[in-house]
Every structure is written in C-alpha cells, then in structure tokens.
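Written out below as structure tokens is the structure these notes cover.
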Amino acid sequence: LQPIMANRDRIMSFLVQQLNRVVPLLLQDNTFTIKFRMAEWARIACTIADALGGRGEKVKTSLEAMAKAQKAVMIRANPLPEYLAIWEAEYKKGEEYVPASAIWSDLWTISRDRKLALPWKDHRALGTALHNTRDTILKELFEIRTKSLLGGATGYWIVRKEEYESERPN
C-alpha cells in the first residue's frame, strides 16, 4: 500500500480527470433504465471506452465476439438442435405443421435407433423446450413457425435455415 499512499494525489487526480470525461457522456444518454440488462452494460462500456480514448468500436467488436461464442456454447449444450436436424432431414413427413406429439414420437424412434438418451419425457416437455428456445438458440439454425391445430394442439413448421427459402409456407 505504500506506493499507493505515496502517489495518492496523482492517482486521485487521474481518476477525477477520467470521471470528468466519462460522466458527462453517460449523462447525455438517457436511454438507460433502472434495471440494467447486459445490453445496457455493453452500451455503458462502449461510451466509457470512447471517452477514454476512442476504443468503443473495439469494445463493441469484443462484445459481439463474446455473444457469438456464447450462442455456440448454448447450441452445443442443448440437444434439441441436433435432434431437430435429424428429424427434419429424415422423419419430417411433408406436413406443413406437425404437432409436438408427432415430433416427439419421431424423436423417440431416433433416440432408440441411435441409442441416445431422449431428454424430453413426453410431447408436452418437448413442446415446452421448443417454445422456450425457438426465439433464442433455435432461431440461429431453424425457421420455426407455429399455429393452432384442430383440438387445440400447437403445430410446428420447422426447416433448417439453409433450406428455408425454398420451403417457406405461404
């Protein structure tokens, strides 16, 4: 602590100068909310980086790389994309919208034939997994649409992204 105490005035002077550069820029941006989300923290980090030497773009690039890596980890950690890719390629029966019960039945067959563990105990659990991930990790790999079928079941239209343009329903 002696080096800090010996340079206390210089350190405090430096910190106050940096704060005087950053705080006015942060006060100009009134888009922040009370509850901070990661996107807001990222915007704050870019603002601070710009104020301290114009490195906001570098921070933004780093954050984008981090988000891309995070998505890749989430996709690898979730078995649903792999199962859906197999189902879509080998089991999809040509129906435009398929109920979760039919998809689950096909996935059960895939798991049995390939000796894989089936993570969803029934079609309701699969439907919940589809609902919870369709706008996050599945969105990266698949186009997924839903509609209500007769009897109230949810029908799913699922196509891998590279095939999407030629098979898009009207």
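Numbers for residues simply follow the sequence, beginning at 1.
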Notebook entry, point to check: In terms of hydrophobic clusters joined by side-chain contacts under 4.5 Å, are L80 and L116 together?
Noted result: yes

Notebook entry, point to check: Between L141 and P81, what is the shortest heavy-atom contact and its length?
Noted result: CD1-CB, 3.6 Å

Checklist line | Single-linkage hydrophobic cluster, 4.5 Å side-chain cutoff, I4 and L15 together | finding: yes

Checklist line | Y156 and I103: CA distance, side-chain angles, deciding distance, side-chain contact (heavy atoms from CB on, under 4.5 Å) verdict | finding: CA-CA 9 Å; Y156 294 90; I103 298 171; 4.0 Å; yes

Next item on the list: Please say whether more than 12 non-hydrogen atoms of neighbouring residues, nucleotides or ligands are located less than 6.0 Å from CD in E64.
Entry: yes

Item checked: Nearest non-hydrogen partners of P119 and A117, listed with the distance -> CD-O, 3.2 Å

Notebook entry, point to check: What's the shortest heavy-atom distance between G155 and L149, and which atoms?
Noted result: CA-CD1, 3.5 Å

Next item on the list: Would you confirm whether S105, through its side chain, and S101, through its main-chain N or O, come within 3.5 Å as a donor-acceptor pair?
Entry: no

Notebook entry, point to check: What pairs of residues pass the ring pair (Phe, Tyr, Trp, His ring centres under 6.0 Å) test when at least one of them lies in residues 42-70, not counting sequence neighbours?
Noted result: none

Next item on the list: Please report the shortest heavy-atom distance between D106 and W87, naming the atom on each side.
Entry: OD2-NE1, 2.9 Å

Notebook entry, point to check: Do you know which two heavy atoms are closest between R160 and A89, and how far apart they sit?
Noted result: NH2-CB, 3.5 Å

Check: Is the shortest heavy-atom distance from the side chain of W104 to the side chain of P99 under 4.5 Å?
Finding: no

Notebook entry, point to check: Could you give all pairs that pass the side-chain hydrogen bond (donor to acceptor under 3.5 Å, both in side chains) test and reach residues 112-134, with sequence neighbours left out?
Noted result: E90-R114, R134-T146

Check: Quick one: salt bridge (Lys or Arg N to Asp or Glu O under 4.0 Å) pairs with a partner in residues 4-16, sequence neighbours left out?
Finding: none

Check: How close do Y97 and K147 get, heavy atom to heavy atom, and via which atoms?
Finding: CD1-CE, 3.5 Å

